[in-house]
Each structure stands twice: as C-alpha cells, then as structure tokens.
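Below: the structure, in structure tokens.
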Amino acid sequence: MTVQSVSLVIAGSGGAGVVTAGSLLLEAAANAGWYALMSRSSGPQIRGGEAAAMLRFATEPIMSHDDSFHLLMAIDWENIGRFSAEIPLIATSLIVGDPAHGPAPAALLGGKPREAALAMTAIAEKIESGRPNMVALGAIAALIGLPPEAMQAVVEQHLKRKGQAAIDASMAAFHAGVTAAADLPATPKLPAVAAASEPRWSITGNEATGLGVIRGGVRFVAAYPITPATEVLEWLAPSLAKVGGVLVQAEDELASINQIIGASYGGVPAMTATSGPGLSLMIESLGLAVAAEVPLVVVDVMRVGPSTGIATKSEQSDLNIAVYGLHGDAPHIVVAANSVADCLFTTQWAVHLAEAMQTPTLVLTDQAMGQARAIVPRPAELAFIGQRLTATAAVEGERYKRYAVTASGVSPMAIPGTAGLTHTADGLEHNEFGTPSSQASDHQAQMDKRSRKLTQFNYGDHWAEIIDADAGPGDLAIITWGSSTGPAREALRRFSDAGGKARLISVRLIAPVQPEKMAAALAGITRAVVVEQSHSGQFYRMLRAFYDLPKDTRSLHQAGPLAFGPGRILEQLNAWSS
Amino acid sequence: MTVQSVSLVIAGSGGAGVVTAGSLLLEAAANAGWYALMSRSSGPQIRGGEAAAMLRFATEPIMSHDDSFHLLMAIDWENIGRFSAEIPLIATSLIVGDPAHGPAPAALLGGKPREAALAMTAIAEKIESGRPNMVALGAIAALIGLPPEAMQAVVEQHLKRKGQAAIDASMAAFHAGVTAAADLPATPKLPAVAAASEPRWSITGNEATGLGVIRGGVRFVAAYPITPATEVLEWLAPSLAKVGGVLVQAEDELASINQIIGASYGGVPAMTATSGPGLSLMIESLGLAVAAEVPLVVVDVMRVGPSTGIATKSEQSDLNIAVYGLHGDAPHIVVAANSVADCLFTTQWAVHLAEAMQTPTLVLTDQAMGQARAIVPRPAELAFIGQRLTATAAVEGERYKRYAVTASGVSPMAIPGTAGLTHTADGLEHNEFGTPSSQASDHQAQMDKRSRKLTQFNYGDHWAEIIDADAGPGDLAIITWGSSTGPAREALRRFSDAGGKARLISVRLIAPVQPEKMAAALAGITRAVVVEQSHSGQFYRMLRAFYDLPKDTRSLHQAGPLAFGPGRILEQLNAWSS
Amino acid sequence: MESCAQKKKYAAKDYKSDLKPIWCPGCGDYTVLNAITRALAELALPPEEVAVVSGIGCSSRIPAYTSVYGFHGVHGRALPVATGLKLARPDLTVLVTGGDGDGFSIGGNHFLHACRRNVDLTYIVMDNQVYGMTKGQASPTTAPDWEGSKLTPEGTGINPFQPLVVGLASGANFVARVSSSDPVNMAQIIVEAIRHPGFSLVQVLSPCVTFRPEQAEWRDIVRTAVVDVTDDAARAARRLMTDDGFNVGKVLYKGSRPPFRPEFENTSGSVAELEARFAL
Amino acid sequence: MESCAQKKKYAAKDYKSDLKPIWCPGCGDYTVLNAITRALAELALPPEEVAVVSGIGCSSRIPAYTSVYGFHGVHGRALPVATGLKLARPDLTVLVTGGDGDGFSIGGNHFLHACRRNVDLTYIVMDNQVYGMTKGQASPTTAPDWEGSKLTPEGTGINPFQPLVVGLASGANFVARVSSSDPVNMAQIIVEAIRHPGFSLVQVLSPCVTFRPEQAEWRDIVRTAVVDVTDDAARAARRLMTDDGFNVGKVLYKGSRPPFRPEFENTSGSVAELEARFAL
Ligand SMILES: Cc1ncc(C[n+]2csc(CCOP(=O)(O)OP(=O)(O)O)c2C)c(N)n1
Ligand SMILES: Cc1ncc(C[n+]2csc(CCOP(=O)(O)OP(=O)(O)O)c2C)c(N)n1
Ligand code: SF4
Ligand code: SF4
Ligand SMILES: [Mg+2]
Ligand SMILES: [Mg+2]
C-alpha cells in the first residue's frame, strides 16, 4: 500500500529555533509511534541565518522525502525564499506565516499553495516566556494529528534542567498553537499509533556510519574534519574511547590516510571518513594500500562537486573517483549505502570486506543521508566482523612470503610482533617476498592476484537490494544506487499499488562489478531506467562499461543538490507501461 | 610495403658503455640516412648495473619495436638475463657474446637463437685505448650494413675535444670489429640511403613534449621531479629561459599544480609534468582548475602502476584516473600522444585546447615513448597557439561576469591588471559573477556551461588518427591509443601488405568523447579489437561506456611493462579474416 | 611630477566589494578586512593591480569581500597559488589571507617553503586557534588542553604550533603579530609588510566568537610588544619561543634577503633556435 | 632475573636482510644501515618487535635491507604511517628512515606535525642535500648556489631548510646531528634516540657520491660539536641557526615533554551500550 505520510517544513531565520523545533517534533513523532525522516537546510552564514527543517512522518518506515510538502510553517520569512527549490509546494500545499512578518516571498508561491496566517509572535507574547516556535509546533501537531501527550513528554525531557516553569511555559505556547490551528485550513493527518509495533531507533546516517565501523571491528581512526563527514568523526571520537579504540585528528588528509595505513599494517582495523576534496588527497595513498595490501575503510560522505563545490549539500557525483580514481590498475572495493539505516549495514560490511581481502574499501554515503535523522526499525545484528587471514608462525626452512600467490588471491599476513615472519610491505611492485621487482612476470602475477582476490570473493546477496512489485518484476527495471534508492523504492511502491510490474535493483557493491548476478537480476527485463544524482550520469556510464544492459535503457540523472522525488521516477515507469 | 628494418640490442653491465654505444649507433644510423628508434632498459641500481639499448633501424619512419630482435650483442652477461622478457629472441635471431665472459645465460636462450662469439675484450686489448664497445659497434655495423663513414663522423664529433688520438683509437677498435664480423653468421642488412629524402630530427618523446608546450605558448612551469617525467622538465628549464619563460622546482606536486594555477590565473599559459603518483596528488587541485576555469596543461608520463609500481617502465594504466579521477562532475580534457613525434603535436594542441576552453588539459604519454629517442621526419609547423578569450574592458553600467553563461560555454576571462573587471575566481560553486552560491539553479547553469564548452568545441580531425589498409577498411577495425598505436600501425601495414582490409582508429582526444565522429569512423565495421597496455582493459571499458561499438568487439590488453609486438595484433586480424 | 599626478587617491571602501560577509557578528575577521582595505588605500594601489589569494575557511573568504582581483582556491593551497601568480606577474601586489588551519595544518608544507623561497608576498593569517568553518575543531595553534571540540574531547594534548618561530626558522623575511582589536595598528603593519620585499608574515589574533567565545577576552589581554624590530632572526626566534603569544602591534623581524624572482628575460632566443638543436 | 634470562643477545648482522642494496658503491647510506643494525643489537630488541618505516628515495630503501618489520610507503608519507603504527601498536619500537627530499620537501608538513605531536618515534634522516633517486635535483637542504641540476642550472637561489632548527621550533623532543663517516658514534646516538621518549630527530650527513661527489670531503670537514646537550629548545635553536652544519656527533637537545600516546583503554564499554543510545 502506498505510504501514508505527512511532509512538512519548519523554516525561519537564525534565532528562530527552527532546528530545535524540528528535532522536538521528530522526537514527539517517535513517541507517537510514527516513523520519520528529517533533513535540514541552511543558508551560507556560518552561524544563524535562515534554516529549514524538512520532515516527513509515516506510520511505517520511510527512506525518502515526498515530491512536495503538505505544509510549510514559516516562523519568519527572512531569506526563506532561497529554499524555494528545496521545498516544492503545490496547489494542495499549505503555507502558514506570521502576519507580523508580512507576506510570503513570491519565490515560494510558484506552485500556488494555499496560504494562511498564524500570529505566532502575538500568541507567544501573551504567554510568559512563550516562544513562537512552540506555538508553531502546537499548530503543526494539531494539523497533522500528533497527540499533545507525545510532545509533552519530549518537552519535559528537554527542559528538565530548566525546571517546571519552563516546561509549563513551553507547553502553554504549544497548546495555544493547538488551539489556534482550529482556524487554519486542514492538511492531511496521520493516525496515531498506540504502541510501536517493533523496537525503533533514532539515528542519523553519519552516526550509523560510525556505529557500523565500530561494529565491524575498527579501533583506530585518523581523520581531518570536513563537511559533511565531520559528524561521523564527532560520533566516533567519544564512542571509540568507550570500546577501547582511538581517534586521532591528523594534520591533513594525506596524514590521515597514511596513519590508518600504519595502524592497519600494525594489525588494528582502521578507517577514516572524509568528503570529495579529502578523498582526492587520499588517492595516491589508497593506491599504496592496494599495492601493499593493507586493509582499510574510507567513508566518503559525498557533497556537491566539483572542487569545493557546495559543502553542505548532497550529490552522488564521487562515483567516478571512487571507482576509477587511482592511478595504474588498482583493484579495490567500493560499496554504497542506500539509506540512513543502511549506512550501518554497509559500513560494517565494508570493514568485513576490507579485512577479508586485505584491500582498501571505499564507502559512499552522502550529505542527504549522512545528515538526515530517521526513526527506523532497530537494525539487525550482523555477523560481519573484520577477520584477517594472518600468518602466525614461521614454517621451518621456508622464507615467509608476504605476497604469496594463492588460489584465492589472499596471502596470509604477518602482523608486526610475530616472530620469524618479518618482511617489508611495499608499494613498489614486488615479488612474493615483497622484494621490489621490475620483472614483467612478477608484475603480472601480483596484478592477477590482487584482482583475483576481489573477483573470487563470495559477496552473497548483499551486492544489491532487489525488490519486485507485488505483481512481479515484469519487464521493467529501475537500476539505482545510494540516496536515489529511497525515492526509487517509493516510485516502485506506487507503481506496484497501481498494479504495475517492475523490479528495483539498487547496487550496494559498486566495485568489483558482478556481471553474473546482474545478468540474473536483469533476466526478463527489456527496459530499464538508471536513476542517479549526477550531472553526467556517472552510474549509467559505469553500468554500460561493465554490464550488458537491456537495449532500451535510459539514464535519469540530475545534478545535486535537489533530490529526486519519487514522482519523477514513477513518470518514467508510467510512460513505459501506458 | 612492410617495413624493412633491423632490430638489435646492445647489452652489458654498468661500466660497459652500453648506452653510449647505443647513442653512437643511433647517430651513425641517422648519418646513414636511416630512421631509428632507441629504447633503454636498466637494472634497479641507481648507477651502474646492467643496461640494454634496444634499437631498430629502417629506411622509412618507424614508431614501434618489432616482435623480436635480429641481434643481441652482449658486451658481458652480468645480470643480462633479467632483460630476457624485454628482448624476445627467436630461432633466426643471433646472440653474440664475448668468450671472455663465458656462455650466455639460459634465460636468453629460450627462443633458441643462433649463438656466436666475438672476442671483444681480446680484440680491444690489442688496440691502444681500444674499448670493447667500439669493437661491438664495428661488428654490428658490418652485420647490419651501416657504412663505416657514418660512424666515423659521429666519433669525430663526440671525441673532438679528446683529440685525434682518441678518435683514431676508437675507430681502430671499430674497424677491428668490422673485420671480425666477417666470421659471424649473417643478420639482415639494411640498404644504405645516399641522402636523406627529407629533413629529419633526432628527438625523445620527453623532449618533444617540452617543445610542444613551448610552441603552444607555455611560459611558466612548476614541477616536482619524478621518473620518467623528469627529462621533460630538464629539457624545459634551460629552454624556457631562452624564450622568456621560467621553470620553478616546487616543494611537492600539490605546490606545483597550484603554482601553475596561480600563474595561469595571472594570464601566463602554464603547465607541469609528472607521472602517476604525482598526478594522484594533483587531483584535488585539478578539480579547482575545472571549477574556477583556469586553463593549464598537465603531462602524465605514465609508468607501471599501481602506487610507486615500477618507476622506470611503461604502462598505459593511468587512463582511468585521467578521465574519471576528479571528484564531482568535473569535465576536462584528456589527450594522448601516439608516438615519439606525436608528443610534440599533442602537447602543442593541448595548450591550444586548454587556453581556448579555459580548462585543465591532461596529456598522457608514457615511459616508452617519453624516454625513447627516434629519428623522425621533421615535424610540421602547427598553428596551435594558446589563445584565451579575454575580457579587456569594462562595459559601462554592467558588472563583469567572470562566469557568464554563454552559448559556447566559454566566458571572457579578465586577466589581473585589467581595470574595471576585478572579480574573485572561485572553486566553490558560484553564480555568473563568481559569488559563492548553493542554489541548485546556479549549480545547474554552471555545470551545463562547463560541460558545454567542451562538447561544442571544434576539435577538427585531430580527435583520432585513422588509417586504412591499402585495399580499404573492410569491416575490421583496430581501436587503440597512445604507445600501442605504433605496433597497431605496423600490424595494419603487414595485414594490408598481405591484402587484408582493415581500419586503424587511434584516439588522440580521449575526453570529451566524440560519439558522432566515432560512429562515422566505425561505419561498416562489424568487428573490432581494442588494443591497450593495461591489466584491466581500461580503454575498452571506457569505449563501452561512451560509444556504440561493433557487436563483436574484443579487448586485447596486457599489463606493462612489455609492449605489444605488432605480431600479437596481427594475429587477431588474421584470425578474423581466415 | 607625472607619477604623483597619476596617483589617484583611494579610500578604504574603494577596496570593498558589495558582498555581505557570511561571518558571525563579532568575528575578528571583519576588522582584518577593514585593515587590509585601509592599508591598500594608504598605499594607493589601483585595485586592479592587487590580488588577494586564499584557501578555505571563514578567514579565507576575504578575497570576495574586496574589490581587487581575488582567487579563492582549495583548502591549504593559497601560498602556492600566490607564488605562481606573483612569479608570473611580478607587477602585481599579491596578498595571501587565511586561517591557522588552512595555513599551518593542511597548508604547513607550503608555509615552510614559502618562507624559504621568499617570494615577495604578504601573508596575513587570521589565527583564532580553531577551525571556524567546520564548526570548531582544534587547529595547530590550539592550546593542548582546550576541550571544546568533540573530536578531541580531552584536549589535543599536543604542542601548539608557533607560526612566527617556524616562519623565522624557515626564512620569512618579515614577521609581525597584531591584534584584530586594533585595526589602525594592523593596517599600518600591513602597509609595512607589503612594502617590505620578500615574504612577509603577519599573524593576526582574530577571535572566533562562535566556537571560542572566551577569545573575546583577547582584546584585554593583548599588549604592545616592548621589543624593537631586529634583523637577527635567531634573536627574534628566541624571543618568540619564550613569549606568551600576546605581545602584538609591532614588527618583530625584518630581514634583508633579496626576494626570489626568476627572470622572465625576453632574451633573443626563439623557438626556432630550440628546434634547430634537434635537426640532423 | 626472568627478563634478563629472556634477553637474547643479538649481533648487528641479525638485523640485516640478505638483500643487496641498490645503492652506488660509496654511498653514505651503507654506514647508516650499519649503524641502525648496530644500535638495534646494542638495545637487544627482538627483530619482530621493531618496525622501520620509510617513504621513497635511495635512503628510503633501508627497511628491506633490515630483517625487522618494514613498511616502504609512498614518497613523503613515512611519518604518518609510522605515527599510525606506533599509536596502534605502542609495544613496537618504530624507526623512520628517509632522505632530505622525502622528509623536508614533499614530507615537510608531516615533519612539522610529527615534531609537535611528539609520538615516540626515532626519525633518521639521511641528508645528502640532493634527490639521489631521481638523479640529482636540489633538495630543501641544498645550498642556493649549487648548479649541478638541470632543473636549477643557476642554483635554486633559495634559503636552505634547517631541519634541526625547524624541528626544535616545532617541538621535537630530541635532536642530534651525526656523520655517516663515523658509524660507531652514529650507532650510539641512535641508541640514545630510541631510548629517549617522544619524537627523536637524527640528522645524518650522508654523502651522495654520485650526484654530489664533492660531499666526499665531508668526512674531513665534520667536527665534533663542542656544545653540550641542553634542555632549552630556544637556546639549542639559536645555536643551530648560526651553525655551519658540520658540527656533528652529539645530542644537541633533549626535551622532557611526555610523548603523545592516546590510550586504547579497554574500558568496560561495549558496543551494545553505544547502540542503546539510539534506542527509542
Ligand atoms: C581538503 C579539504 N579538507 C578539509 C576541508 C574542510 N575545511 C574547510 S575550512 C577548514 C578549516 C578552516 O580553519 P581555518 O583555516 O583556521 O579557518 P577559520 O574558519 O578558522 O577562519 C576545514 C578543515 C576542506 N574544505 N578541504
Ligand atoms: C609523489 C611522488 N613524487 C615524486 C616522486 C619521485 N621521487 C622519488 S624519490 C625522490 C626524491 C628522493 O630524495 P631524498 O628523499 O633526498 O632521497 P635520496 O634519494 O637522496 O636518498 C623523488 C622526487 C615520487 N616517487 N612520488
Ligand atoms: S565561526 Fe568563528 S571564525 Fe567563523 S565567522 Fe564565526 S566567529 Fe568568525
Ligand atoms: S644516487 Fe647518491 S644517494 Fe643514491 S645510492 Fe647513489 S650515492 Fe647514494
Ligand atoms: Mg582558524
Ligand atoms: Mg637526499
């Protein structure tokens, strides 16, 4: 059944407490038993300035925003017009502003939304210590059907330390908003859910990423701050300390990647997180990790490129550098998370893959999922714990071969401290012992081995998420990856609800490619649309390079920062089936 | 007609003067009116150690080595076995050693070459100041038909400063070698050419690269030394000084790429040269040049990767990083030289393209062509001089738009010093003025503009070199690039001589892709073989991604450092036509 | 005199663009922008003959707020961009602006080599002992016990970087420290720095009111340095190694090494002559 | 005593691998290899508990010539690799070896920050004032008037980098200069450097006989430094700033800053506790 959901935005300028209001609403929604997704957007100012919290609530898990918003609640209008492209409003949308701040900016009215007024400032002024944002929350709660008790609990929790008076003032403003909402036009309501049907978490993609690597066994992290990856690190620093690990802030990304190479060579699973500009600086040393066969995980929380681009906004355009960016032939692993919750699965899996294959593994997430907070079903326990094939004792009369040519391509690795197995790991081409060699035969043998270990590994079913419409796959497919999976899922769901047949293939294992598995997934498919958020259609090109695609394959790509709404994808499916 | 040529190797350990001997032979061959190609190989020692000079002579221009060598003249045998893979010897080959140094190492005898002895040391000892390498040269000259006068002139030139006695001693040893050769089995001879039919040059690929950028207008170079690109810089430093330019040795590659960005922003056409590891370090700042629209040229003299790899050997495996290596969608230009002489054409063209489109242009050459010396027809004068579209005066009442959205995608660029047009160039996404912007519409407009300027440019016929067999293209094609073009040309020639029909397409403009031109070039072609020197078939994958290839397209790829012989390619053509 | 007649008078505002800074209200960088524009006015340099180059950070936003030529590059690489620009265009006055993170963390190597190379640049570092732009992490100049960042919740535990000492040790030709609370003095020192040939380093104590609110106190802590300028780098370095970092307002060192300036000689040489060497 | 009984005696050769160095005959690096292995023998460290990390260059080839654990990384990044290794594995003795180009040109930023961070590493730099491996270009320590490289045919014209002064200015905890012509003294100093906690910097004058043949004279020019070791970094720096570079054979500075060593506390915390914070 098509997701029943409510989408709304709270916006206002710096001091207006927009982000706090959004967070309170999210928590209250969680209390009400709903699922939720919250993203934020803000202006260029370092602090203050305009901000918007985009929220979507539903009675079942959701992974994407909708095509438009039901409600925009603007605490004031200052520069909010700048968000117009990010906040699609249509004729059925409702835009509510405070008459004290004048009329809504024209930029927001393009879709001819219904307009209404709520005197938030005036109402708040009548309550001692009352604040307009609590009035707004009250009105929103009433409009969308959020029970006041759900908010009560949240406010009590948040203002505990400020005392009962503060709590009362807040709730008074809230209730005034509830009351005032009676005069507002209606918006869709969500049913309250008595008790949540399953345990749920509130987590951001960046937190899930941090948790995933810790679960996978990472205990050493070196990093250099960069938006939007910093929160991964900020979560990891204190969390690692709690489980016997360490985070070191390095002088730059060249240092952070090389520090984790050193730590991993020393036997401690290691990772770093960065974004495009930082990944660019790590390229040379990623090649070193490939050649010297040092396992490690690098998370790239993608932002809009090229160059410094737009640091605070999302795009899926680092696929190329992640897959092809290294000089020489440098086989490595690239995986991509497809939702906030999947950041956990994918990074934990990444540690497992890196350690098992002694190779650098890149994880692609992005600003949209990294900085979004979601209420999600409690993630499953996973069996992926980084496990390295080690050499632990010398074999009498045999010199240890660090880079032994094996059938699997994986060579048992001696960890420093192990007697009798000393050797030098090397980024120069080498023979099996690790001794530098310029012989074509050694190069060929090591190249074969390094690529074989990746192609022969058993990735199970995790290479992709494959979802069929209720009526089956039919002959249509959506092929996508990463953040575009959320809207693609929802497009499929709507298509399915309308009786359509189609299959969604969201690729998690970007490299090495899995031609056989993809061929199986594409069996019977004659038309496919490749969905991604990049200007040049990087994913489509990559698929063409390595897979046999259906003859009628279309590329649906757009540059960031605007995400696909499910509707754009649905359109293509409908066009085909009509 | 199939090239008539002689291929030989002079090898020996450090002190044996192998490289000098090779150079003398090359010059003498030039004097004899021949064309030639000389490559070198040496052991891992920094100085001294084993060395080999591989030479091929012909009466017409050649761009590749042959499948095997007619002659190996070994001054001694020490470690020469290490070169066995690089010196294919077959049953008709002749291997000549000095009995004073014992028998030839088994590694060289796999192809069962004919063996013969020449007592170079003993003969040389009989001549005052006589040296074995001159005896070897005499024998070689006699075997291959090089007139002694050609060598006389070279020796006179080289030993001028050492006086007549030294010249006489050398020539005496040489003539002793000529005499001794009478007892050696015959090898193919080349006819002497009375007078050269056209003006010729003796030049290495790295020198040609340097000359190309100077011709194109580059006057600022910043660089960090790296094998095998250093000679480009070593040639450029004094040469630039002669034409009013400057070379600065930077502290690292991050500095060198940013220095040239600064110089080019200042209006002076600028370049750097590096190899894979250095290119990796430049990735982030190449993205800056894309976003800020700063023209510059980066030459990557490719070596064996990944990581430090094999610094002194060749591979075509930096295609991926060059094309796809930047984070975000970062359209830029990638061109590749296809021979020693073409380094000149391609780099000069690269400067032209970079300046015309205000974008970084990568030039791919490689160790094989960079460090090879060739006797080539004098290169043509070219009209490509870097010419930037500049804004030179303020328009009354209009604020200057550095990143104006134009039909061509190129925006007139104001050079610092121009009054009224001050602006800030920026790597952040920006609007037309250059002001940072996080609006999706500005991002889209600038992305469109930056890609449009590359796709709409008129590249003329230079995007590829297309050669048909005498009898026409038929339905077969070889598609290749860079250093693999030499052997591919020769394979086509042999195929053509045997009456075969085929077409060779050697792509010089790697990016942006030229689908229409390729489609035209592939009209009527039903089978194609893609030839390249990479382990993973990077070029083949890239072609698949962007071009519609004939259904029966095969990938013929091998890792470096061994080059393709023409025979391997011919085999594929023959297999198809038989 | 012709040159005098030509010398147009400029006001500080002539060097400012219309762009509103993204900085937080109260950020120290506002006065640095003022001081720079004031200094340019004092020097009466035509805006088009000046370029300001920067990397990434709050402080690195300065170029776009000026009306001279600007280049806003990537994080940590302002100095090499400026080096290339100045070497290619010796006629321009080139300033470099940035932060302690941009200059001394990711950009540390270029800092060392810019000091050594001694190109005629003026490098103005807004030192707030924090990464402002990325919301408050420790920088190289942060005290080891600052616990304000989630990345180093127990402090960095490492030695703060001493920019002026390292600058002197590597060969900077002019060294000064100023406070953003005294823009008039700062402007004067920047004038001197620009006038002095070679690489001039000006450290500005420029508070980050958002992530280091305690730095608001700096305005009261700073004092005018009592020492006089010296031309003895070893002496200046020794003084600074034992200094608490709050002696400001003075030029501390002026050296006399000639700037690095390879000549673009317009020699008689032609490309044809270069080519002739290849001809057989 | 048990620990004494366990202490196996090692000879220098026990720390050497069978690999024949690619170095030129007469290269100074041979004696550095000897001194390192001698020092390890003197310290009687089991080979498997020692790691030698390097970047790229002739001098950076040392790891493979030893029989301890080795890591031969990319150019300029030896120090961060060693930092990560030592922080993750505090039980290992970690040495870093390399050249003046690797350490002070491309690796300069890591050098600065390794000195600041003061991890317990011993950094042995074979300074030959040239890039040997790439066949003879000027390095940061090259004199400005050296005309031996085609890249800088008229000399670099820039200030040579003073590794020990910059090391002191940035916080190195132990500083010494030795000559490759006296391997016995060098071994002794390396022993002291390894024993000293924190970041120890040992500059070795190690001639490149191939590209700087004139350095053969160094063996006659060097003299034993007359000053004694100090714990005053400012004093040591001042001495070195006015020194000609040929005073060798002594430890010049020993500091007492505690090494940076974040704890891998095996606290009671479990992953489940971390997860609990997300649960609703
Ligand atoms: C390669 C790269 N790494 C990291 C970043 C993220 N980043 C942007 S500014 C900055 C630090 C800025 O600190 P500072 O130079 O002191 O400037 P401030 O904001 O304090 O003025 C960082 C880490 C980046 N833009 N690029
Ligand atoms: C990124 C990168 N840039 C350049 C090089 C080329 N390179 C190898 S070693 C070296 C310099 C070595 O000099 P030094 O560290 O002084 O060592 P030495 O050979 O003198 O002992 C250079 C520039 C490289 N390997 N990688
Ligand atoms: S964050 Fe700090 S440095 Fe950045 S603008 Fe605000 S006050 Fe200034
Ligand atoms: S080139 Fe110089 S540094 Fe390198 S091995 Fe030879 S002598 Fe030693
Ligand atoms: Mg700062
Ligand atoms: Mg050196």
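Every chain is numbered from 1 and lettered A, B, ... according to where its sequence line falls, protein lines coming before strand lines.
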What part of Leu254(B) is in contact with chain A, defined as an atom under 4.5 angstrom from a non-hydrogen atom: side chain, backbone, both or neither? side chain
Evaluate side chain to side chain contact (heavy atoms under 4.5 Å, CB included) for Leu549(A) paired with Ile479(A), printing each intermediate quantity in order. CA-CA 10 Å; Leu549(A) 299 175; Ile479(A) 312 178; 4.3 Å; yes
Give the member of Met542(B), Gln558(B), Gln446(B), Glu429(B) that has the highest number of heavy-atom pairs under 4.5 Å with chain A. Glu429(B)
Contact leader toward chain A among Asp426(B), Leu326(B), Leu279(B), where contacts are heavy-atom pairs under 4.5 Å: Leu326(B)
Using a 6.0 Å cut-off, check whether atom CG of Asp548(A) has over 12 heavy atoms from anything other than its own residue. no
Heavy atoms only, distances under 4.5 angstrom: which of Gln538(B), Arg450(B), Gln316(B) has the most pairs with chain A? Name it, please. Gln538(B)
Among Ile310(B), Leu288(B), Leu543(B), which residue forms the greatest number of heavy-atom pairs with chain A at distances under 4.5 Å? Ile310(B)
Whether Glu284(A) side chain and Ser280(B) backbone form a donor-acceptor pair below 3.5 Å: no
Pair Lys453(B), Glu293(B) - check salt bridge (Lys or Arg N to Asp or Glu O under 4.0 Å), show working. CA-CA 11 Å; Lys453(B) 69 182 180 180; Glu293(B) 305 200 40; 2.7 Å; yes
Is the shortest distance from a Lys or Arg side-chain nitrogen in Glu50(A) or Arg82(A) to a carboxylate oxygen in the other one below 4.0 Å? yes
Taking every heavy-atom pair that is under 4.5 Å apart, which of Pro561(B), Gly427(B), Ala330(B) has the most such pairs with chain A? Gly427(B)
Highest number of heavy-atom pairs under 4.5 Å with chain B among Ser317(A), Ala545(A), Ser41(A), Gly325(A) belongs to Ala545(A)
Pro44(B), part contacting chain A, at a heavy-atom distance under 4.5 Å: neither
Counting only N and O atoms by type, is there a donor-acceptor contact under 3.5 Å from the side chain of Asn431(B) to the main-chain atoms of Gly434(B)? yes
What part of His535(B) is in contact with chain A, defined as an atom under 4.5 angstrom from a non-hydrogen atom: side chain, backbone, both or neither? both
When only pairs under 4.5 Å are counted, which of Gly287(A), Ser441(A), Gly309(A), Ala440(A) shares the most heavy-atom pairs with chain B? Gly309(A)
Under 3.5 Å, side chain of Tyr403(A) to main-chain N/O of Ala292(A), donor-acceptor pair present? yes
Chain A contact via Ser451(B) - side chain, backbone, both or neither, heavy atoms under 4.5 Å: side chain
Heavy-atom pairs under 4.5 Å with chain B: which of Ala85(A), Pro331(A), Gly560(A), Ala291(A) has the most? Gly560(A)
Distance alone, cut at 3.5 Å: any donor-acceptor contact between the side chains of Glu532(B) and His557(B)? no
If you tally heavy-atom pairs under 4.5 Å between each of Gly276(A), Gly305(A), Ala322(A) and chain B, the highest tally belongs to Gly276(A)
Only pairs of heavy atoms separated by less than 4.5 Å count here; which of Val304(B), Asp329(B), Thr308(B) has the most with chain A? Asp329(B)
Counting only heavy atoms closer than 4.5 Å, note whether Ser437(B) contacts chain A via side chain, backbone, both or neither. backbone
Kindly say whether Met282(A) contributes a backbone atom to a donor-acceptor pair with the side chain of Ser285(A) at under 3.5 angstrom? no
Tell me if a side-chain donor or acceptor on Arg303(B) pairs with a main-chain N or O of Lys313(B) at a distance below 3.5 Å. no
If I measure from the heavy atoms of chain A, does Asp448(B) come under 4.5 Å with its side chain, its backbone, both, or neither? both
Note: vs chain B, highest number of non-hydrogen pairs under 4.5 angstrom among Leu319(A), Leu281(A), Val323(A) is Leu281(A)
Heavy-atom cut-off 4.5 Å, strictly under: side chain, backbone, both or neither for Asp442(B) against chain A? neither
Donor-acceptor pair, His65(A) side chain versus Phe564(A) backbone, under 3.5 Å? no
